[in-house]
Amino acid sequence: MLTLQCPYCGVDAEETELTAGGEAHLKRETVGASDDDFEGYLFMRENPKGLHFERWRHSYGCGKWFLAARDTNTLEVFGTYPAQSKEPPKDLRDKISAKRPGWSWREFK
Amino acid sequence: MSTRLASGGRLLNRGRALEFQFNGKRLMGYEGDTLASALLANDQMMVGRSFKYHRPRGVVASGAEEPNALVNLGKGGKFEPNQRTTTTELFDGLYATSQNHWPTLEFDIGAINALFARFLPAGFYYKTFMTPRPFWKHIYEPFIRQSAGLGKAPKDRDADTYEHFYFYADVVVIGGGVAGLQAALEAGKAGARVLVMEQTADWGGRAVVDGVEIAGKPADDWVKGVVQALEKMENVTLRTRCMGAGVYDHGYILGYERLTDHDPVLQGPRHRLWRIRAKQTITATGAIERPLSFAGNDLPGVLLAGAVRDYLVNWGVSVGDRTVVVTNNDDAYRTAIALVDAGLSVPAIIDARPEGAGALGAVAKAKGIRVEEGKAIAKVKGKTRVTGVALCLQAGEGAVIDEIACDCVAMSGGWSPVVHLWSHCGGKLKWDDAQAMFRPDPARAPTGADGEGFVLTAGTSSGELGTTAALADATAAGRAAAKAAGLKPKTGKAPVANDVDETPMAAVWLMPQGAGAELKMKAWLDYQNDVKVSDVQLAAREGFESVEHTKRYTTLGMATDQGKLSNINGLAILSQSLNQAIPQTGTTTFRPPYTPISMGAIGGSARDELFQPIRKTPMHGWHVENGADFEPVGHWRRPYSFPRKGEGLHDAVNREIVNTRTNVGLLDASTLGKLIVKGPDAGRFLDMLYTNMMSNLAIGKCRYGLMCTENGFLTDDGVVARIDEDTWLCHTTTGGADRIHAWMEDWLQCEWWDWKVYVANVTEQYAQVAVVGPKARQLLEKLGGMDVSKETLPFMQWADGTLGGFPVRVYRISFSGELSYEIAVAASHGRAFWDRLLKDGEEFGIMPYGTEGLHVMRAEKGFIMIGDETDGTVIPQDLGLGWAISKKKDDYLGKRAQERSHMADPERWKLVGLETLDGSVIPDGAYAVGEGHNANGQRLTQGRVTSTYYSPTLKRGIAMGLVHRGPERMGEIIEFPKVDGTSVKARIADQVFYDKAGEKQDV
């Protein structure tokens, strides 16, 4: 059972307080998108053994959505940050680089 | 003969005798006994029968690893099957019965399987019972069901209570042997908050049995001293009878404490599940002795050497007068020496190693024990218990050299560290060739949130079998854990024990090493599931190379003991068969819990009313008092109907409907979701969530709206009311309130976070009552306080005001097709308002109606219901709801998805009404068959029923369904086969069966 720190209320929340929300940083495709782009948005997901960026909601706490960078294999958590982020913040990316040199995830590295 | 000695037994209180029953026999034991030690003290060698061949089986171990001696324990509400006698503490009045035999333990019909063992190898069931197909159902399965299974499932309700307990620790130490205690002491001295869990009732583990001296003191005294020191530390919590059950992500640990099993007279919960968060966990879980694989190693009277020693030292029990010790290591010599010291006979130590033992070998020889080096057991003699062993060369094929009479065989194949808890959360193992064991690899520990290891091992579970080495390892572990938890550990020397020099053990996986087929078919690996050396070799020959596949094919290690004894021996045999090294074969996965824990403990107090919180409306009490028949809707309980005395449920529903359509009905609609959406961008936001426009809804008006997922499928519906310039109130379905609220939050927080909108779920702030029927207005006018006329408050509008003195908000919306007012009052006024309506409505013939009446009336009107007409594959266009999809909007959730070719396909199944030709009710979920058959020879389908009811209004069955090109096929007749083989024909019709023009609701 994971613990993740909610970046809003600062609580180290047990997984039972949280709701998992799948992959982070999806770009919404809508009217005008090609079938391929729309399929990618709806269905295509990363499934890494290793570094992953995820959406979580502190459902039984402050109710806020946040994002987490985490290793799905070692369970290491590199950091959490607000859902209102277009990309992982620089200090977090630097931190990941220190521990996983040369990492990349989708368009981010 | 297995018996109690006149003296000895360090755990026994001979001053307190306890009476217990086994298979109806009244037997006696002492306080401090386990059920296993007490049975052995009474010469009850045979305790059960094995799973497949029903072989006679006795106690083989002395602890949690026991595979054989399982019993049914207790009676009635205290009954529990598959309880290990070795971990069951004896209490006065204990009642146990043996299992897996018929009719009796001594005479068992299933034992005939053993005669056919030659024909029942691994995978037998897969190979044999395949064909002919009908045989499976009528012959094979009933036979297998009759003969399969260990204990019987309990029939009565569990009479005990259970609880959960939450705990936070810097360091959790699992295991209260000398290593665990030493590690706890070091962590405790550093100031860490420490929890120590020991699964048995006593501290000290093996060291106290083996007569080790630590720091110049007998181990018993040293243990007492350390426990006292720990008890004095406020930062240390000690728990016996508490097993570390599992290690999970980020330092989450489960402990399983058995509070009253040892003395059911005690009050309070029976088991307590500890839910622990620990910064660091130390597993000091010791090691488990391995059996040796020789023919007949499963007979009652063949025990692990360490277990024989335990029964002697801890409980004063001699398992046999004459014990042959068979071993591949020095440790088993301790058993021989202890037995001789207790005045018992050891006719021989059979040591598979040509060079024999070290210092302990010399001691044994000095005591006059015959030591046979380089020898093996060819086979064990005896039918239901050991009568002797046949001696042979270990290097040979089993030619008998000598026969030795004995009534007990103490075997030791070496020790395997208990690595289970280390492995649960990803700790890796390394193979130690010298000790022939898998041991934890500290370089690859389970990692926590910080990426660093959070589990350490201490003592024997690290693979350190010598006491001095184990204590040094434990000292280091205790200090390292404290340091990792942010504390400053003390320094100093680790205590030293009086270890003797031992000769290295030899890996012996089969005895004798060249044993032929006859012997291998009798050499057991997994006692409980009857897996033998020959089975694993067969699996390898048949191509099961992966250890995980072999496990499943042979069932090796799949019994309730999860292979604690059989695992290493089995994979060693597999490795030999595959001609590869053991680490290449690897282990199967260690999964929690370490030993089975009770379902009661997992449930804790979450049973009956506490199982799941039930949501109750403010009027719930009235419903209960008036005999409502409840149904669950989400977490709510809603009245399905209000049957009167002597009235059937179906009749009650019909009465409620007819009365609502002719007089006035009352529905508790409080469960309906109510979400306030407010802010300058609220209209824009709702335009994205609903398929239709909500931003242009006039203040004071209501509009029915649909919500779709991004995949285009209909997910919820409800009436939206515009409250003021920047406030809307969205009604959701009862089951959808929380989900839609979360859905709105998701979009507002994660996609359109710059939009100025707030959402509040006010579902429980209001009681809502639907007053429905032609006399509804008369009733409200009688209450008085606001104008509810058609002119002031027309259909699909709302107004605030008072009724009968209650502040109310009245919505003129209708889900029944009748004149209808949905009236919201503060939740605290709900019951009073409900009572008032009933009282004032008496003259109008008022009756409450339930959810079934609601369903039938909406179906009569052709209104869809989320969950009936929708199932996650249905788009609004399928349901004829195109009118509720805005053509003006550039975007809404689901719009792009609905443009996909399959969604626009005219071949889709679409909603229509269905009128049975004979007026009957089509079974729920029935499918309409079409022309032709599919590849499986089944009739093709062309539609299915989504809602089907008896309509008391029309006095016939009505239904809605999704039918292939349905709306284009009005008047066509389609056929719905029923499960009884007949079928019902129905005409495709308009789905609105009642008041097609909608005149009744708009008055």
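We name chains A, B, ... by the order of the sequence lines, and we start the count at 1 in each one.
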Can you confirm whether [X] is buried at [atom1], in the sense that more than 12 heavy atoms of other residues, nucleotides or ligands lie under 6.0 Å from that atom?
{"X": "R607(B)", "atom1": "CZ", "result": "yes"}
{"X": "K887(B)", "atom1": "NZ", "result": "yes"}
{"X": "K756(B)", "atom1": "NZ", "result": "no"}
{"X": "K428(B)", "atom1": "NZ", "result": "no"}
{"X": "M44(A)", "atom1": "CE", "result": "no"}
{"X": "Y60(A)", "atom1": "OH", "result": "no"}

Answer yes or no: is there a donor N or O on one side and an acceptor on the other, between the side chain of [X] and the main chain of [Y], under 3.5 Å?
{"X": "T74(A)", "Y": "T447(B)", "answer": "no"}
{"X": "Q749(B)", "Y": "W65(A)", "answer": "yes"}
{"X": "E710(B)", "Y": "R28(A)", "answer": "no"}

Which atoms of [X] are under 4.5 Å from chain B, going by heavy atoms: the side chain, the backbone, both sets, or neither?
{"X": "Y41(A)", "result": "side chain"}
{"X": "K99(A)", "result": "side chain"}
{"X": "R55(A)", "result": "side chain"}
{"X": "F78(A)", "result": "neither"}
{"X": "S85(A)", "result": "backbone"}
{"X": "L42(A)", "result": "side chain"}

Heavy-atom check, side chain of [X] versus side chain of [Y], under 4.5 Å:
{"X": "E899(B)", "Y": "F38(A)", "answer": "no"}
{"X": "T30(A)", "Y": "M688(B)", "answer": "no"}
{"X": "R896(B)", "Y": "D35(A)", "answer": "yes"}

Answer with side chain, backbone, both or neither: which region of [X] has an atom nearer than 4.5 Å to a non-hydrogen atom of chain A?
{"X": "D890(B)", "result": "backbone"}
{"X": "Y892(B)", "result": "backbone"}
{"X": "N711(B)", "result": "both"}
{"X": "E751(B)", "result": "side chain"}

### Message
Testing the basics here: between E76(A) and D450(B), what is the closest heavy-atom pair and its distance to 0.1 Å?
### Response
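What the structure gives for the nearest pair is OE2-O, 3.5 Å.
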#### Entry: Largest heavy-atom contact set with chain A, pairs under 4.5 Å, which of D746(B), D754(B), L893(B)
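Among D746(B), D754(B), L893(B), the one with the most close pairs to chain A is D746(B).
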### When G894(B), A742(B), C425(B), G451(B) are compared by non-hydrogen pairs under 4.5 Å with chain A, the top option
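Result: the option with the highest number of such pairs is G451(B).
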### Query
Which is it for H250(B) and T3(A) under the side chain to side chain contact (heavy atoms under 4.5 Å, CB included) test, yes or no, and what are the steps along the way?
CA-CA 7 Å; H250(B) 291 182; T3(A) 44; 3.5 Å; yes
### Message
Between D12(A) and R277(B), does any NZ, NE, NH1 or NH2 come within less than 4.0 Å of an OD or OE carboxylate oxygen?
### Response
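Salt bridge flag = no for D12(A) with R277(B).
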### Message
Between E15(A) and Y252(B), is the side-chain hydrogen bond (donor to acceptor under 3.5 Å, both in side chains) condition met? List the steps.
### Response
CA-CA 11 Å; E15(A) 200 173 322; Y252(B) 183 65; over 6 Å; no
